[in-house]
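Below, chain A is the first sequence line, B the second, and so on; all start at residue 1.
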Amino acid sequence: MTSSSSEYARIVDLPAHAGRSVRVRGWVTHVRSSGKVAFVVIRDGSGILQVVLVKSTVSPESWERFGTLTQETSVEIEGEVRLDKRAPGGVELGATSLEVEGPSPGDYPIQPKEHGIDFLLDHRHLWLRSERQRAILRVRAEIEQAIRDFFYERDFTLVDTPILTAAIGERSGLFATEYFDEGNAYLAQTGQLYGEAAAAALGKIYCFGPTFRAEKSKTRRHLTEFWMCEPEVAFNDSNDNMKLQEEFISFIVARVLERKQKELAELERDVSKLETVKAPFPRIDYNDAVKILQSKGSEVKWGDDLGAEDESLLVEGADRPVFIFNYPKEAKAFYMKENPADPRTVLCDDCLAPEGYGEIIGGSQREDDYDRLLERIKEEKLPLDAYGWYLDLRKYGTFVHSGFGLGLERTVAWICGLPHIREASPFPRLMNRLRP
RNA sequence: UCCCCAGUAGCUCAGUUGGUUAGAGCGCACGACUGUUAAUCGUGAUGUCGUAGGUUCGAGUCCUACCUGGGGAGCCA
């Protein structure tokens, strides 16, 4: 430790300290030397700083320590803050002393060059330190904050739903674990059913937390663990639901554009593709979607669910997300409300992001008729005893209600323009990847 | 579960119709250089060619199986 009286400063704050002596702590990202002048680039989480060491103006010990610096050595450097056009960012530190906090052996795996994805995921704990990954994490955090602010401003109550559940929810794969004398517990695939219970208590609620799908999916859109935000609103019908969704997404995008320009630039995101994301979004009835697809040469028939390729065709050329609504009953979950105008379909919507990112929201009005819901549970051969409490919500003062689930990582991937969802999560869980 | 592709140095990759001693760049080590921007220049070290069989005088190269990974389908957010 140096015994100087200089104050510690974060790199981001350095312009305000111009002309003064400060101490900065961080990790070495880069070292360059030209004999008697050396450059050390360090990162402290707030920014990146070029430090200049001149042999004649630092102690021999400091100069010698410079020679030991390798990528990711953690250091404490004291020096004078200077505004200099030659420095990246316009500010640099003229070092007067350099101390090594924690050495790094010089075999740091992640170099300033291209790596394969497998290698990077194996080193995810270190990959996070690179500039691009830091930008993604900051945008993700901003999106999460925007989600909370959006609902807080609209007087929704945050309700945390359980992660350990009995078999309930959707049909796709479940992660099971033993649970005392109760048989198997399953990791939650959705908080929605609990959200419906809470909506009858609080009117407007949302849950936001991790959710789990044991599907053996190997695509750029799937994780086995992901975060989902699920609002549920009493007395909202399907149209109200879509209106809430388009306002929600527009709010999130506007917030990121307002506060995370630097990160979007680092990610080389074409922000003109985000600036057009404003409510209202186009709405395409499923019947029309099938006709459009057939006219574009798709083999799709009425009654089929829409595949990834179909979704891309429908969103082709759109400058904002697109709703496809009222799908055939067979293609959707048991809890969705039958469409009174066409009982072959249910009142629901998928919100498809542009630029090929696909479904970021699935939403629906919920079946509020006790008998019809019971019938649907039986049709799907779901364990009736697990759904008794869910039917109670229709037994005691049933109510029109609707809600949706927004996939956080898919939203992050779209807004950041990422080629694969795994970069949208700090430690992504895939079917063949549980570590780091 | 199905379809396609790939495994060669720490990393990214090249390696001809099968041919004798296995290649480059980056990184790393040592050296030179007083303003570098992924600095530059010189010198040097580094390999179970995914695994196991097979064909052949000879296999990184051809064949079979397996393993691992990537992309896609399905499922969905």
Side-chain angles (χ1 to χ4, degrees), chain A residues 29-41 48-57 63 67-68 70-71 82 84-90 92 94 104-123 126-127 130-131 169-174 189-192 208-230 245 304-311 327 331-333 350-353 357-363 404-414 419-422 424-425 430-433:
Chain A
T29 65
H30 223 89
V31 178
R32 292 184 290 270
S33 161
S34 40
K36 299 188 174 80
V37 175
F39 301 88
V40 183
V41 179
I48 292 174
L49 172 68
Q50 171 168 288
V51 178
V52 186
L53 279 95
V54 178
K55 190 177 182 182
S56 58
T57 63
W63 184 254
T68 71
T70 54
Q71 198 178 353
R82 301 194 290 249
D84 191 312
K85 278 180 192 158
R86 290 169 297 185
E92 66 180 20
S104 176
D107 60 356
Y108 187 70
I110 300 186
Q111 302 164 20
K113 60 171 284 189
E114 275 192 39
H115 293 283
I117 191 65
D118 186 37
F119 178 83
L120 289 170
L121 284 174
D122 282 343
H123 298 85
L126 302 174
W127 187 21
S130 58
E131 203 163 1
E170 318 214 354
R171 287 166 293 187
S172 50
L174 289 162
Q189 302 175 308
T190 172
Q192 178 205 313
F208 187 23
T211 189
F212 307 87
R213 305 274 165 96
E215 291 296 323
K216 294 187 175 179
S217 304
K218 282 183 76 172
T219 80
R220 68 184 66 193
R221 300 183 306 281
H222 291 88
L223 296 168
T224 54
E225 173 182 324
F226 62 97
W227 278 55
M228 185 154 66
C229 172
E230 298 175 280
Q245 289 168 48
D304 294 346
D305 199 2
L306 305 181
E309 206 171 310
D310 298 320
E311 291 182 353
Y327 283 69
K332 290 291 173 183
D350 284 353
C351 182
L352 310 179
Y357 281 91
E359 184 178 353
I360 52 172
I361 282 181
F404 60 89
L406 172 102
L408 176 66
E409 287 80 3
R410 285 187 182 177
T411 306
V412 173
W414 164 50
H420 198 297
I421 194 169
R422 62 193 155 204
S425 172
L430 301 147
M431 61 179 278
N432 55 354
R433 217 168 257 288

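- When the C1' atom is used for both B:G25 and B:A38, the distance is 13 Å, rounded to whole Å.
- In this structure, A:Phe39 does not count as stacked on the base of B:G35 under the 5.5 Å centre distance and 30° plane angle limits.
- Side-chain nitrogen and oxygen atoms of A:Asn432 include at least one within less than 4.0 Å of the OP1 or OP2 phosphate oxygen of B:G69.
- Counting non-hydrogen atoms under 4.0 angstrom, A:Lys216 reaches a base of the nucleic acid.
- Between B:G47 and B:G15, the two C1' atoms lie 14 Å apart (nearest whole Å).
- Looking at which nucleotide of RNA chain B each of A:Lys85 and A:Gly116 is closest to, the 5′-most match is held by A:Gly116.
- With distances taken from any side-chain atom of A:His30 to the nucleotides B:C75, B:A38, B:G71, the minimum falls on B:A38.
- When the C1' atom is compared between B:C28 and B:A65, the two are found 39 Å apart, to the nearest whole Å.
- Within 4.0 Å (heavy atoms only), A:Glu309 reaches no atom of the nucleic acid at all.
- Within the 3.5 Å criterion, the main-chain N or O of A:Ile110 finds a donor-acceptor partner in the side chain of A:Gln71.
- Put simply, CG on A:Leu120 is 14 Å from C1' on B:G10, counting in whole angstrom units.
- Comparing B:G7 with B:U16, their P atoms sit 12 Å apart, to the nearest whole Å.
- Checking B:G74, B:G71, B:G35 against every side-chain atom of A:His420, the shortest atom distance belongs to B:G71.
- Among the atoms of the strands shown, none is found under 4.0 Å from any heavy atom of A:Glu409.
- Counting only distance, with no hydrogens or angles, the side chain of A:Arg410 and the backbone of A:Glu359 share a donor-acceptor pair below 3.5 Å.
- Salt bridge status for A:Asp84 with A:Arg82: absent, with no side-chain N to carboxylate O gap under 4.0 Å.
- A donor-acceptor contact under 3.5 Å is not formed by the side chain of A:Gln111 with the base of B:U12.
- A:Ser33 comes within 4.0 angstrom of a nucleotide base, judged by non-hydrogen atoms across all strands.
- For B:A73, the OP1/OP2 oxygens have a side-chain nitrogen or oxygen of A:Arg221 closer than 4.0 Å.
- The residue A:Leu408 sits apart from the nucleic acid: no heavy atom pair falls under 4.0 Å.
- With distances taken from any side-chain atom of A:Arg422 to the nucleotides B:G70, B:A77, B:A73, the minimum falls on B:G70.
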Check: Given A:His30 and A:Phe39, is the side chain to side chain contact (heavy atoms under 4.5 Å, CB included) satisfied, shown in steps?
Finding: CA-CA 8 Å; A:His30 223 89; A:Phe39 301 88; over 6 Å; no
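- Side-chain proximity of A:Ser34 to B:G74, B:G70, B:C33: nearest is B:C33.
- One interatomic measurement links the two molecules: CE of A:Met228 to C1' of B:C76, which rounds to 10 Å at whole-angstrom precision.
- Note on A:His123: nothing from the nucleic acid sits closer than 4.0 angstrom, heavy atoms only.
- Taking atom CD1 of A:Ile421 as the reference point, atom P of B:C76 lies 16 Å away to the nearest angstrom.
- Atom CZ of A:Arg410 is separated from atom P of B:C76 by 11 Å (rounded to the nearest Å).
- Figure legend. B:G50 is base-paired to B:C66; pairs are counted as Watson-Crick or G-U wobble with both atom distances under 3.5 Å.
- Both distances falling under 3.5 Å, in either a Watson-Crick or a G-U wobble arrangement, occur for no nucleotide opposite B:U21.
- Across the C1' atoms, B:U46 and B:G23 are found 13 Å apart, a figure rounded to whole Å.
- In this structure, CZ of A:Arg82 is placed 14 Å from P of B:U36, rounded to the nearest angstrom.
- Remark: A:Arg220 is not in phosphate contact with B:A77, judged by side-chain N or O atoms under 4.0 Å from OP1 or OP2.
- Taking a pair to require two hydrogen-bonding distances under 3.5 Å in either a Watson-Crick or a G-U wobble arrangement, B:C75 remains unpaired.
- At whole-Å resolution of the value, CD in A:Gln192 and P in B:C76 are 14 Å apart.
- In this structure, B:C26 forms a base pair with B:G10, meeting either the Watson-Crick or the G-U wobble geometry with both donor-acceptor distances under 3.5 Å.
- At a threshold of 4.0 angstrom between heavy atoms, the contacts of A:Leu406 with the nucleic acid are absent.
- In terms of position along RNA chain B, the nucleotide closest to A:Gln71 lies nearer the 5' end than the nucleotide closest to the other residue of the pair A:Pro88 and A:Gln71.
- Rounded to whole Å, the distance from OH on A:Tyr108 to C1' on B:A29 is 21 Å.
- B:C33 and B:C41: their C1' atoms are spaced 9 Å apart (whole Å).
- On a pure distance criterion of 3.5 Å, no polar donor-acceptor pair joins the side chain of A:His115 and the base of B:C11.
- Among the protein residues, A:Ala38 comes within range of no part of the nucleic acid, since none of its heavy atoms lies under 4.0 Å from any strand.
- Contact annotation: the side chain of A:Leu406 never approaches that of A:Phe208 to less than 4.5 Å [non-hydrogen atoms, C-beta and beyond].
- Side-chain atoms of A:Arg32 and base atoms of B:C33 include no donor and acceptor less than 3.5 Å apart.
- The closest donor-acceptor contact from the side chain of A:Tyr108 to the backbone of A:Leu126 lies under 3.5 Å.
- Counting only heavy atoms from C-beta outward, the side chains of A:Val51 and A:Leu49 approach each other to under 4.5 Å.
- Under 3.5 Å, the side chains of A:Glu230 and A:Gln192 contain no donor-acceptor pair of N or O atoms.
- Across all strands shown, A:Ile110 has no heavy atoms under 4.0 Å from either base or sugar-phosphate atoms.
- Atom CG in A:Asp84 sits about 11 Å away from atom P in B:U36, given to the nearest Å.
- With hydrogens and angles ignored, no donor-acceptor pair closer than 3.5 Å exists between the side chain of A:Glu114 and the base of B:G25.
- Pair assignment for B:A38 gives none, since no Watson-Crick or G-U wobble pairing has each distance under 3.5 Å.
- Under the 3.5 Å distance criterion, the side-chain polar atoms of A:Thr224 are left unmatched by any main-chain donor or acceptor of A:Met431.
- Comparing the same atom, C1', in B:U12 and in B:A52 gives a spacing of 28 Å after rounding to whole Å.
- Only the P atoms considered, B:U34 is 48 Å distant from B:G70, to the nearest whole Å.
- Counting non-hydrogen atoms under 4.0 angstrom, A:Asp118 reaches the backbone sugars and phosphates but no base.
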